[in-house]
K.L.:
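What follows is a single structure, and I will ask about it in a moment.
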There are 2 protein chains.
Amino acid sequence: MGLAYYVRSVERHTVLLEQEAVVDYALILFAGFASRYKRRMSGRRQILAYLIPGDHCDRGVLDGYPLNHAIETLTRCEVAKVPRAAYLNLLAFHPRIALALQHARLAEEATAHEWMANIGMRSSLERTAHLLCELMERLGTIGLISGGQLDLPLTQVDLADALGHSTVHQNRVLQTLRRDGLISLQERRLRILAPRQLRELAEFEDDYL
Amino acid sequence: MGLAYYVRSVERHTVLLEQEAVVDYALILFAGFASRYKRRMSGRRQILAYLIPGDHCDRGVLDGYPLNHAIETLTRCEVAKVPRAAYLNLLAFHPRIALALQHARLAEEATAHEWMANIGMRSSLERTAHLLCELMERLGTIGLISGGQLDLPLTQVDLADALGHSTVHQNRVLQTLRRDGLISLQERRLRILAPRQLRELAEFEDDYL
DNA sequence: CGCTCGGTTGATTATGGTCAATTCGCGTGG
DNA sequence: CCACGCGAATTGACCATAATCAACCGAGCG
């Protein structure tokens, strides 16, 4: 598709959309990781969702509804910035894409619910396990897993801010998962060593994706 | 509108939609409180959203996407069960309603994000304050506040399950809010005694609703 | 070489969970 | 009419989980 024309590379830690933003273009992530997040006055951040290659940033913004959170890259990214007109055109002429987009929205909403349940009723160990299962699943479907392992360019801070605990504790939780032989994570490479146990621990069900 | 025809009364604690449900009718809440929620194997429940009068239950279910959570009444309710055809008809012939529905969806999504941030990065006291502010706001816009107070038929268990803490702790948090003169809550009637302080405590911003 | 960032560790504190028991109001059946 | 049971709120004692504070390490980089 002609979207490649609009793709550009952006640095890590670039704010793609500010809170309350109303813009006239759509953003589509082609490579790299980004996040939706909110901040408190204290500076504390809550990551609401990870955006991975293939995800769209829009959320009614094109219809004039201001965004209620910010979007920022977590790694260097390839992002397509598609003008509103071209984007609407694309959807109008490719109903399958429009359908896929609707599907993606529902999946993202389901994921948000999953995260809420995750933070609200799971222990830190279970939470982390659940998130890793989800990442494995999502990245798997877009072909980012090779040889049972994948590149996970997220820092422990990024994980902690998504799961709602401190980085120190996040670190210890990851160590526990490693010590128990469930995962291996080093040098930004994640490998799930015991998928079944990890899923069981997290009570992970992949049907929402 | 002719929806009144479809309205019926349902008992408290009635499951309106089961997880994974795919149905051919839309549900609209006319009176009472309901909740979207998930359950863990342990029986623990996480409430994902409160549904109040005027809210629609559908969530892509009419488009054949199974629901990823269950919906249950928290009080006796008046619910309209509108057949798919009639519902689509309604939306097609009343674009303003369709627009309002889209708006409502985005608001609900924004609220979900707000809740995630709430659970993820606020203390139990702040969380509770935030939820009460939100309820006050939402119920106010549909005219359910009279004389500065409102009927809040939710139990402390319902609040605790939405906020992600134990009922015992929820009880103590409410007592603290009362002791500090921020709210008064008894016999199912809530009154916000110090709106400004409560909002400040919760860092509550109402622009997402 | 010194800096920063990300990860790691230990010690201490605090927040909130769990368990168990009590009260109160209300409705129901004997 | 009253005993009983149940749901909801409440209390106290104790425990577990996770936050905070502080320091340190190692790699990469200007």
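The sequence lines fix the lettering, A, B, ..., with proteins before strands; numbering per chain opens at 1.
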K.L.:
When you compare the side chain of Tyr87(B) with that of Val82(B), does any pair of heavy atoms fall below 4.5 Å?
P.N.:
yes

K.L.:
Salt-bridge test for Asp161(A) and Arg39(A): reply yes if a basic N is under 4.0 Å from a carboxylate O, no otherwise.
P.N.:
no

K.L.:
I'd like to know if Asp55(A) and Arg138(A) make a salt bridge, using a cut-off of under 4.0 Å between side-chain N and carboxylate O.
P.N.:
yes

K.L.:
Between Arg189(B) and Asp151(B), is the closest basic N to carboxylate O distance under 4.0 Å?
P.N.:
yes

K.L.:
Measuring to OP1 and OP2 of dA9(D), would you say a side-chain N or O of Asn171(B) lies under 4.0 angstrom away?
P.N.:
no

K.L.:
Measure from CZ on Arg122(B) to P on dG16(C) and round the result to the nearest Å.
P.N.:
14 Å

K.L.:
Decide yes or no for Tyr65(A) and Arg59(A): does some side-chain heavy atom of the first lie under 4.5 Å from some side-chain heavy atom of the second?
P.N.:
no

K.L.:
Using whole Å, report how far NE2 of His13(B) lies from P of dG7(D).
P.N.:
10 Å

K.L.:
Rounded to whole angstroms, how far apart are CG on Asp158(B) and C1' on dG7(D)?
P.N.:
12 Å

K.L.:
Could you give the angle between the helix axes at the two ends of the helix from dC1(C)-dG30(D) to dG30(C)-dC1(D), with five pairs per end, rounded to 10 degrees?
P.N.:
20°

K.L.:
Could you give the CG-to-C1' distance, from Leu185(A) to dT8(C), as a whole number of Å?
P.N.:
14 Å

K.L.:
When you check every protein heavy atom under 4.0 Å of nucleotides 17-27 of chain C, what one-letter string (B, S, -) results, 5' to 3'?
P.N.:
SBB--------

K.L.:
Does Arg178(A) reach a base, just sugar-phosphate, or nothing at all? Heavy atoms under 4.0 Å.
P.N.:
sugar-phosphate

K.L.:
Check the distance between dA18(D)'s C1' and Glu126(A)'s CD and give it to me in whole angstrom.
P.N.:
14 Å

K.L.:
Measure from the ring center of Trp115(A) to the ring center of Tyr50(A) and say whether it is less than 6.0 Å.
P.N.:
yes

K.L.:
What is the distance from CZ of Arg188(A) to P of dG26(D), rounded to the nearest Å?
P.N.:
18 Å

K.L.:
Name each donor-acceptor pair under 3.5 Å that joins a side chain in residues 172-186 of chain B to protein atoms two or more places apart or in another chain, with its distance.
P.N.:
unit_1: Gln175(B); atom_1: NE2; unit_2: Asn171(B); atom_2: OD1; d: 2.2
unit_1: Thr176(B); atom_1: OG1; unit_2: Arg172(B); atom_2: O; d: 3.0
unit_1: Arg178(B); atom_1: NH1; unit_2: Leu185(B); atom_2: O; d: 2.6

K.L.:
Are Glu108(A) and Arg36(A) close enough that some pair of their side-chain heavy atoms sits under 4.5 Å apart?
P.N.:
yes

K.L.:
Just how far, in rounded Å, is C1' of dA8(D) from CG of Leu174(B)?
P.N.:
13 Å

K.L.:
Do Tyr6(B) and Pro83(B) have side-chain heavy atoms sitting under 4.5 Å apart?
P.N.:
yes

K.L.:
Between dG26(D) atom P and Gln186(A) atom CD, what is the distance in whole Å?
P.N.:
17 Å

K.L.:
When you measure from the side chain of Gln156(A), which nucleotide among dT8(C), dA9(D), dG16(C) comes out closest?
P.N.:
dT8(C)

K.L.:
Identify which nucleotide among dG16(C), dG6(C), dA18(D) has an atom closest to any side-chain atom of Ser124(B), counting heavy atoms from C-beta outward.
P.N.:
dG16(C)

